[in-house]
Amino acid sequence: MAHQAGGRTRVTINGQTYSCRTAPNIRPARMQNQSYTNQDGSVTRGTMPKPATAEFSFDVGPAGVDKFNEALMIGFHDITILEVDRGVLHQFTNAFIVGEPVVNTETGEVSGLSIETDAYLRTRA
């Protein structure tokens, strides 16, 4: 059976759509396993909670760097990532932005940011 991967994506933050430069990398699991080695050489694991995350770069757009003000960086946001060609919607509710925006003045690409939340949902669009 064939599997569709890739295609166009659309990122929306509080109702405003941003043009992605790179395909988003989504880490939907809110748990992380880690291995530990005991003194006798046997292995055990520990499971720790973590937020769901996504990272992507996007075009700086006509507003330029002014959009990276305190309201965007400090606030909590409803963020969706739509996989247009696959019809998959990733919802990050009450998410916040992590990192520091890096603006490439030659290409207009903004990188260095990711989003995190404890309220993630994947649905069909």
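Sequence positions, counted from 1, serve as the residue numbers for this chain.
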Following the transitive rule for hydrophobic clusters with a side-chain heavy-atom cut-off under 4.5 Å over Ile, Leu, Val, Met, Phe, Trp and Tyr, establish whether [X] and [Y] coincide in one cluster.
X	Y	value
F56	V84	no
L82	F58	no
I97	V102	no
L72	V98	no

* **Partners meeting side-chain contact (heavy atoms from CB on, under 4.5 Å) with S42 (sequence neighbours left out)** =>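 Partners of S42 by the side-chain contact (heavy atoms from CB on, under 4.5 Å) criterion, ordered by chain and then number, come out as N38, D40.
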* Mind checking side-chain contact (heavy atoms from CB on, under 4.5 Å) for R45 and listing every partner two or more places apart, or none if nothing turns up? =>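 Testing R45 for side-chain contact (heavy atoms from CB on, under 4.5 Å), a comparison that skips the adjacent residues, returns N33, T47.
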If you compare all heavy atoms of [X] against all heavy atoms of [Y], which two are closest, and at what distance to 0.1 Å?
X	Y	value
S57	E109	OG-OE2, 2.6 Å
P101	M73	CD-CE, 3.9 Å
K50	A29	NZ-O, 2.9 Å

Once rounded to the nearest 0.5 Å, what's the spacing between atom [atom1] of [X] and atom [atom2] of [Y]?
X	Y	atom1	atom2	value
Y18	T9	OH	OG1	15.0 Å
E55	S111	CD	OG	10.5 Å
F92	T80	CZ	OG1	10.0 Å
N94	D78	CG	CG	6.5 Å

* Could you tell me whether R21 atom CZ has more than 12 heavy atoms of other residues or ligands within 6.0 Å of it? =>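 Yes, the 6.0 Å shell around CZ holds more than 12 heavy atoms from other groups.
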* CD/Q34: more than 12 non-hydrogen atoms of other groups inside 6.0 Å ->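 Yes, enclosed.
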Donor-acceptor pairs are to be reported for all side-chain atoms of residues 113-125 against protein atoms at under 3.5 Å, with residues two or more places apart or in another chain.
unit_1 : atom_1 : unit_2 : atom_2 : d
T117   : OG1    : T93    : O      : 2.6
T117   : OG1    : A119   : N      : 3.1
Y120   : OH     : H90    : ND1    : 2.6
R124   : NH1    : R86    : O      : 3.3
R124   : NH2    : R86    : O      : 3.1

* Is the side chain of N14 donor-acceptor paired with the backbone N or O of H77 at a distance under 3.5 Å, no angle test? ->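 No, N14 side chain to H77 backbone: no donor-acceptor pair under 3.5 Å.
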